[in-house]
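Counting starts at 1 for both ligands and their atoms, in listed order.
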Amino acid sequence: MADRKDTMIVNALVRQALTSAQEVMGENGLNAVLHTSELDRFIGNFPPNNLDPAIQASQYAKLNEAIEAFYGRGGKGMLRRIGKASFQYAVREQAALLGLAGVALKLLPEKQKIKFILNSMAGALKKSNPDVEAWLDDSGERLAYHESTCAVCQDRHSETAICHLYAGSVSEAIRWATGKEYEVTETHCLAKGDPYCRFEVGDVRE
Ligand SMILES: [Zn+2]
């Protein structure tokens with residue numbers, strides 16, 4: 001997917017990622033990977049919480065790659081944790097963007113809760129950047145969240161799926177909505193040559 005357009009990521013999302021990475025990795029760890037991914041300008045200087053453009057998707061992808069490399073075999077787990085922290089940050093600081101302000105899901109069936117939150121995630125991303133193509137597919141046996149403009153793997157190539165931070169965010173979103181842990185598996189990834197990244201949700205227990 002070499003011809004994929006290198007879109008912009010807004011300040012709010014970079015701020016979310018950096019705050020969460022710092023929470024999980026500590027300040028020194030974050031500063032080290034900011035340096036190796038040539039994002040030194042963010043050391044001790046996170047972007048503001050607004051929707052102005054911050055960095056190219058490919059730079060965000062480099063940051064993800066640097067975190068994975070920094071931890072070696074533990075990279076996947078760390079990125080998942082950062083993704084989870086990212087969603088928690090979004091709920092705390094960006095509930096309006098996510099469309100969660102004042103929302104009560106308690107009375108909805110489990111599947112509806114998951115559909116609601118994954119649609120909210122896709123909607124928030126599209127609001128942050130109209131070039132984003134993200135959607136929920138509920139036509140198959142399992143629910144699956146897709147993005148064909150995934151920034152985590154922009155300009156990256158791999159034989160396996162690599163958008164662990166994204167998978168962490170999806171799983172934490174579902175935990176927020178249902179109060180339960182669901183397995184989230186990245187079955188397709190643009191980095192492998194698939195047409196989109198696809199995050200499949202484990203069987204819904206109604
Ligand atoms: Zn991806």
Side-chain angles (χ1 to χ4, degrees), residues 1-10 12-18 20-21 24 33 36-37 39 53-87 89-90 98 114 117-138 140 142-174 182-202:
M1 302 269 118
D3 57 349
R4 187 145 66 102
K5 188 180 166 197
D6 195 5
T7 61
M8 292 300 293
I9 302 196
V10 299
L13 294 182
V14 175
R15 183 178 181 82
Q16 178 196 107
L18 297 184
S20 312
V24 173
V33 295
T36 52
S37 51
L39 292 170
I55 56 174
Q56 307 277 155
S58 56
Q59 292 177 291
Y60 182 76
K62 276 199 187 111
L63 175 65
N64 271 266
E65 197 171 13
I67 295 172
E68 195 169 343
F70 188 74
Y71 288 102
R73 292 184 51 169
K76 177 179 174 179
M78 290 304 278
L79 284 163
R80 281 246 177 182
R81 281 176 57 192
I82 294 168
K84 284 172 184 271
S86 285
F87 184 81
Y89 175 88
L98 269 172
I114 298 173
I117 197 64
L118 296 183
N119 277 321
S120 301
M121 269 183 84
L125 276 174
K126 280 189 248 184
K127 241 188 275 173
S128 80
N129 180 345
D131 288 334
V132 165
E133 298 277 352
W135 68 97
L136 172 72
D137 179 10
D138 61 357
R142 289 181 164 185
L143 294 174
Y145 180 95
H146 294 64
E147 182 170 350
S148 59
T149 50
C150 175
V152 176
C153 59
Q154 176 78 42
D155 296 344
R156 294 175 68 190
H157 301 281
S158 169
E159 283 179 9
T160 54
I162 51 174
C163 304
H164 313 307
L165 189 152
Y166 211 145
S169 289
V170 170
S171 72
E172 184 62 16
I174 294 170
Y182 277 88
E183 201 176 326
V184 171
T185 310
E186 191 180 9
T187 59
H188 296 58
C189 183
L190 287 153
K192 291 196 296 173
D194 294 322
Y196 39 69
C197 298
R198 176 179 181 276
F199 303 92
E200 184 180 273
V201 183

Hey, are the side chains of Met8 and Gln56 touching, using non-hydrogen atoms and a 4.5 Å cut-off? yes
Do the ring planes of His188 and Tyr196 sit parallel (below 30°), tilted (30 to 60°) or perpendicular (above 60°)? tilted
Close side-chain approach of Cys189 to Arg156, heavy-atom, < 4.5 Å: no
Just so I know, are the side chains of Leu63 and Val33 near enough to count as touching, which here means a heavy-atom distance under 4.5 Å? yes
Under 2.8 Å from the Zn ion (ligand 1), which protein N, O or S atoms do you find? Ignore water molecules. Cys150 SG, Cys153 SG, Cys163 SG, Cys197 SG
Salt bridge (Lys or Arg N to Asp or Glu O under 4.0 Å) involving Lys192 - partner list, sequence neighbours excluded: Asp194
With salt bridge (Lys or Arg N to Asp or Glu O under 4.0 Å) as the test, would you mind laying out the steps for Lys76 and Glu186 before giving the verdict? CA-CA 12 Å; Lys76 177 179 174 179; Glu186 191 180 9; over 6 Å; no
